[in-house]
Engineer: 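Can you keep this structure in mind? I'll have questions shortly.
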Protein chains: 2
Amino acid sequence: MLFSKGGRNSRSVAPSPDSAYDQNLGFQGLDVMKFAAVDVRQAASAADIVYEALRKAIIEGEIAEGDSLRQEEIAQMFNTSRIPVREALSRLEQHGLITTQRYKGAVVAGLSIEEIDEIFEFRALIEAEVMRLAVPNLDRATLDRARGYCDAFDRETDPHRWGEINRQFHTTLYEAARRPYYLQNVQSSLDRIDRYLRAQLTFTNGVPRAGREHEAILAACEKGDADLAARLTRDHILDAGRSLMTFLRKHRG
Amino acid sequence: MLFSKGGRNSRSVAPSPDSAYDQNLGFQGLDVMKFAAVDVRQAASAADIVYEALRKAIIEGEIAEGDSLRQEEIAQMFNTSRIPVREALSRLEQHGLITTQRYKGAVVAGLSIEEIDEIFEFRALIEAEVMRLAVPNLDRATLDRARGYCDAFDRETDPHRWGEINRQFHTTLYEAARRPYYLQNVQSSLDRIDRYLRAQLTFTNGVPRAGREHEAILAACEKGDADLAARLTRDHILDAGRSLMTFLRKHRG
DNA sequence: GCATTGTATATTGGATCCAATTTTTCTATG
DNA sequence: CATAGAAAAATTGGATCCAATATACAATGC
């Protein structure tokens with residue numbers, strides 16, 4: 001414990017709405033002034049900030065499975081009280097990223113091999129369907145963006161970035177399906193397994209293969225072949241899952 | 001606001017572990033004493049109690065979409081402070097049952113017609129697969145239990161009970177799939193749409209049809225026909241969804 | 001040396017208080 | 001009567017304190 005970069009905040013944790021003002025406030029008089037208004041109703045609370053930082057640290061493996069999360073310690077790192085930390089921890093627990101026991105605090109959750117297997121299977125089912133629904137709606141701009149992520153994945157050498165780029169590649173395509181509820185479930189599943197996925201990519205030299213599979217999926221999308229894109233997505237996920245299972249069986253004893 | 005039955009708790013909200021003790025503590029001496037130990041680590045916190053009561057009230061429609069949830073009011077009803085209420089509300093928000101805005105409190109979430117449509121579609125995809133995976137593992141005892149819920153659904157005249165019995169019927173069968181992650185997603189989806197499902201059953205006289213469909217699903221399970229059970233489950237859910245869509249389009253203007 | 005008991009310390013759960021923000025009410029003005 | 005502004009009240013977000021529980025350490029007995 002804990003993640004290396006302490007998120008030390010100032011006393012006021014809500015982001016200042018000044019930035020839009022500072023850049024756009026000129027001396028032109030009110031009637032020609034243009035600025036991007038910031039909706040203050042969506043300003044981040046202390047709990048939001050702590051939640052997001054912890055979530056990121058967990059899914060990127062910066063804090064490991066089994067690590068304890070001490071409320072007071074985290075509160076001090078973020079220069080806030082325990083109350084927002086408790087809310088952040090409660091939210092993390094709802095997402096399955098930590099487990100808590102009454103009076104015994106929070107621990108970063110691990111996943112058993114069976115759980116990982118199931119989540120990959122689940123993803124294959126859901127994401128294949130989302131891909132199928134997305135293909136008819138894909139436009140040039142979206143495909144170009146996905147192409148960018150596909151190339152970036154191939155070029156990236158920092159393992160910490162693989163999960164994020166992989167996610168961006170897939171979700172860029174999936175968004176065309178216009179299925180927010182599905183997508184929320186996909187994001188949630190990815191949060192659960194990202195750290196394991198990175199281990200698989202790293203230790204089984206899985207990046208070149210994943211890159212080729214991304215290429216094939218993207219090609220099917222460019223051809224407008226929804227069934228093929230769905231099948232390739234499904235196989236891509238199931239194969240990654242199998243590879244990870246094999247790796248974990250060897251290294252978990 | 002609010003639900004009719006106030007959950008007024010005593011000052012101490014943790015359940016007493018005494019009940020097992022009281023019933024089993026005799027004067028036989030310690031070495032022959034038998035009692036069912038209660039794992040106090042799992043004792044419900046105040047937040048747990050408030051969360052469960054609010055969740056139940058929302059999914060059963062006792063508090064309606066758009067209703068405000070006032071922290072202090074709820075805290076008083078449960079005879080506790082606002083802190084556990086805030087945690088309960090945060091948890092409900094993670095599950096999509098309420099929405100909150102900074103400084104403006106919590107409101108029971110509604111679902112748009114598009115969202116409902118998507119969730120039924122999602123359920124059809126997931127539950128068909130779970131049903132398919134479950135069928136090979138179904139034993140006589142499980143089928144008998146499901147038969148019991150199937151019959152109870154047909155007999156039940158209280159609309160408040162339909163959602164619960166419907167859920168019990170389906171999940172009894174699904175559990176044989178041994179897919180806890182899928183099942184968690186099914187439960188979550190059902191929480192989101194149960195109140196709408198009850199409206200559909202009530203106002204479109206959907207109970208007899210649902211009953212027949214349950215019978216057909218159960219018969220396929222008894223025959224061990226996984227593909228048929230999956231298809232019937234999928235159709236059952238999609239048809240219910242369509243019926244509800246039709247109803248809502250007429251009544252939401 | 002090991003097991004048990006008692007005490008001190010650490011940590012979590014909830015209560016209460018204060019600060020920040022929103023909503024409602026009241027008053028003044030045209 | 002309608003509108004604007006000020007003040008009061010309501011509500012939420014977070015800080016601090018207290019109670020409850022768990023963990024660590026020291027003392028004691030076998």
Engineer: Checking side-chain contact (heavy atoms from CB on, under 4.5 Å) against I59(B), which of R167(B), R195(B), R192(B) comes through?
Structural biologist: R167(B)
Engineer: Rounding to an integer number of Å, can you tell me how far Y51(B) OH sits from dG13(C) P?
Structural biologist: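 Taking OH of Y51(B) and P of dG13(C), I get 17 Å after rounding.
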Engineer: Verify the contact: side-chain N or O of K104(A) to OP1 or OP2 of dG13(C), cut-off strictly under 4.0 Å; return yes or no.
Structural biologist: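 For dG13(C), OP1/OP2 do not have a side-chain N/O of K104(A) under 4.0 Å.
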Engineer: Given atom CG of D48(B) and atom P of dG14(C), what is their separation to the nearest angstrom?
Structural biologist: 8 Å
Engineer: Within less than 4.0 Å of OP1 or OP2 of dT21(C), is there a side-chain N or O belonging to Q101(B)?
Structural biologist: no
Engineer: Taking the side chain of I83(A) as heavy atoms from C-beta outward, which of dG13(C), dA15(C), dC17(C) is closest to it?
Structural biologist: dA15(C)
Engineer: Which nucleotide wins on minimum distance to the side chain of Q71(A), given the candidates dT12(D), dG14(D), dG13(C)?
Structural biologist: dG13(C)
Engineer: With the side chain counted from C-beta on, respond yes when Y51(B) and L89(B) share a heavy-atom pair under 4.5 Å apart, and no when they do not.
Structural biologist: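 Heavy-atom side-chain distance check fails, nothing below 4.5 Å.
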Engineer: Rounded to the nearest angstrom, tell me the gap between atom CD in Q76(B) and atom P in dT12(D).
Structural biologist: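 Interatomic distance, CD of Q76(B) to P of dT12(D): 12 Å.
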Engineer: Under 4.0 Å between a side-chain N or O of R70(B) and OP1 or OP2 of dT12(D)?
Structural biologist: yes
Engineer: What's the verdict on side-chain hydrogen bond (donor to acceptor under 3.5 Å, both in side chains) for Q94(A) and H95(B), showing C-alpha distance, side-chain angles and the deciding distance?
Structural biologist: CA-CA 8 Å; Q94(A) 298 308 299; H95(B) 290 274; 2.7 Å; yes
Engineer: T80(A) side chain N/O closer than 4.0 Å to the phosphate oxygens (OP1, OP2) of dA15(D)?
Structural biologist: yes
Engineer: For dG14(D), does either OP1 or OP2 sit under 4.0 Å from a side-chain N or O belonging to S81(A)?
Structural biologist: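 No, because none of the side-chain N or O atoms of S81(A) sits under 4.0 Å from OP1 or OP2 of dG14(D).
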Engineer: Could you tell me the separation between the CD atom of E87(A) and the C1' atom of dG13(C), rounded to a whole number of Å?
Structural biologist: 15 Å
Engineer: Rounded off to whole Å, could you give me the CD-to-C1' distance for the E73(B) and dA10(D) pair?
Structural biologist: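 About 12 Å, once rounded to whole Å.
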Engineer: Determine yes or no for a side-chain-to-main-chain donor-acceptor pair under 3.5 angstrom, with R179(A) supplying the side chain and A177(A) the backbone.
Structural biologist: yes
Engineer: Rounded to whole angstroms, how far apart are CD on E72(A) and P on dT9(C)?
Structural biologist: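 Roughly 17 Å, once rounded to whole Å.
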Engineer: Give the rounded distance in Å between these two atoms: CG of L89(B) and C1' of dG13(D).
Structural biologist: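 Answer to the nearest Å: 13 Å.
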Engineer: For Y103(B) and P84(B), find the nucleotide of DNA chain C closest to each by heavy atoms; which residue's nucleotide sits nearer the 5' end?
Structural biologist: P84(B)
Engineer: Sorted by first residue and then second, give each salt bridge (Lys or Arg N to Asp or Glu O under 4.0 Å) pair with at least one member in residues 83-95 of chain A; sequence neighbours left out.
Structural biologist: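 The answer is D48(A)-R91(A), E87(A)-R91(A).
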Engineer: Can you tell which of dA22(D), dG13(C), dT12(C) lies closest to the side chain of R86(A)?
Structural biologist: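 Out of dA22(D), dG13(C), dT12(C), the nucleotide with an atom closest to R86(A)'s side chain is dG13(C).
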Engineer: Whole angstroms only, please: what is the CZ-P distance between F78(B) and dA15(C)?
Structural biologist: 13 Å
